[in-house]
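Down below is the structure, laid out as structure tokens.
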Amino acid sequence: MAMAASRLLWASHAASYLKISTFPRAFSTVLKDLRYAETHEWVKVEGDSATVGITDHAQDHLGDVVYVELPEVGASVTQGNNFGAVESVKATSDINSPVSGEVVAVNEELHEKPALVNGSPYEGGWIIKVKVKDAGELNSLMDDEKYSKFCEEEDGKH
């Protein structure tokens, strides 16, 4: 019993160091320091720049991603509105922007390796970078704990 408690404590410390939420989850990883939309996109803001992708929860439900539709650099995106799509072996899903602004970069690597969205949704599988128009929009997004709870409730309905 002491060994199990020791492992749990070690895992909790490791998760904290790696900035991974230890909120009880069935499968998906939810990172701290990101904001989340109800449509399962994440955003990481650094200054007036935001990196956007789909969450681990979303990619898990989609299955193997085979194509990612990307917007053009310079395109405008609006919070809550569609800017692209992810096609998987199971379904096609719209990608909505969690923030408004101008697209300053797209992850061109996804044209050749769309599966990065599955294997590395928070790192190599990022989708766009946006110059944020209104940082106040971030207040309408969820933190890691609220998003984890949201996913659990959503999964409980299915």
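For the single chain, residues carry numbers from 1 onward in sequence order. Values below: all heavy atoms of this structure, side chains included; hydrogens, waters and symmetry mates excluded.
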SB check Lys149 Glu153 (cutoff 4.0 Å) = yes
How far apart are the C-alpha atoms of Ser88 and Gln59, what are their side-chain angles, what is the distance that settles it, and do they pass the side chain to side chain donor-acceptor pair (under 3.5 Å) test?
-> CA-CA 9 Å; Ser88 73; Gln59 72 77 25; over 6 Å; no
Taking the six-membered ring for Trp and the single ring otherwise, decide whether the centroids of Tyr147 and His40 are under 6.0 Å apart.
-> yes
Is there a donor-acceptor pair closer than 3.5 Å between any side-chain N or O of Ser148 and the backbone N or O of Asp144?
-> yes
If you measure only the distance, is there a donor-acceptor pair under 3.5 Å linking the side chains of Glu41 and Ser97?
-> no
Listed by chain and number, what are the salt bridge (Lys or Arg N to Asp or Glu O under 4.0 Å) partners of Lys146, not counting sequence neighbours?
-> none
Counting N and O atoms only, with roles assigned by atom type, does the side chain of Thr78 sit under 3.5 Å from a partner on the main chain of Asn81, one being a donor and the other an acceptor?
-> no
Treat each ILVMFWY residue as a node, draw an edge where side-chain heavy atoms are under 4.5 Å apart, and state whether Leu34 and Val130 are in one component.
-> no
With distance as the sole test, does Ser49 use its side chain to make a donor-acceptor pair with the main-chain N or O of Glu46 at under 3.5 Å?
-> no
Tyr67 with Phe83, same ILVMFWY side-chain cluster at under 4.5 Å | no
Atom CD1 in Ile54, atom CG in Asp60: separation rounded to 0.5 Å?
-> 10.5 Å
In Å and rounded to the nearest 0.5 Å, what is the CG to CD distance from Leu70 to Glu108?
-> 6.5 Å
Just by distance, do the side chain of Arg35 and the backbone of Leu141 share a donor-acceptor pair under 3.5 Å?
-> yes
Here the pair of heavy atoms bringing Val77 nearest to Val99 is CG2-O, 3.7 Å
Is there a path of hydrophobic side-chain contacts, each under 4.5 Å between heavy atoms of I, L, V, M, F, W or Y residues, that connects Trp126 with Val117?
-> no
May I ask whether Leu110 and Val73 are part of the same hydrophobic cluster, defined by side-chain heavy atoms of I, L, V, M, F, W, Y residues being less than 4.5 angstrom apart, directly or through others?
-> yes
Quick one: list whatever passes side chain to side chain contact (heavy atoms under 4.5 Å, CB included) with Glu38, sequence neighbours left out.
-> Met142, Phe150
Residues passing the ring-ring contact (aromatic ring centres under 6.0 Å, His included) test with Tyr122, sequence neighbours excluded, are Trp42
Contact check, side chains of Ile127 and Val52, non-hydrogen atoms, under 4.5 Å | no
Test item: Glu69 side-chain N/O and Gly84 main-chain N/O as donor-acceptor pair under 3.5 Å | no
So, does Asp33 use its side chain to make a donor-acceptor pair with the main chain of Lys44 at under 3.5 Å?
-> no
Does some side-chain heavy atom of Thr51 sit less than 4.5 Å from a side-chain heavy atom of Val43?
-> no
Single-linkage hydrophobic cluster Tyr36~Ile128, side-chain heavy atoms < 4.5 angstrom | no
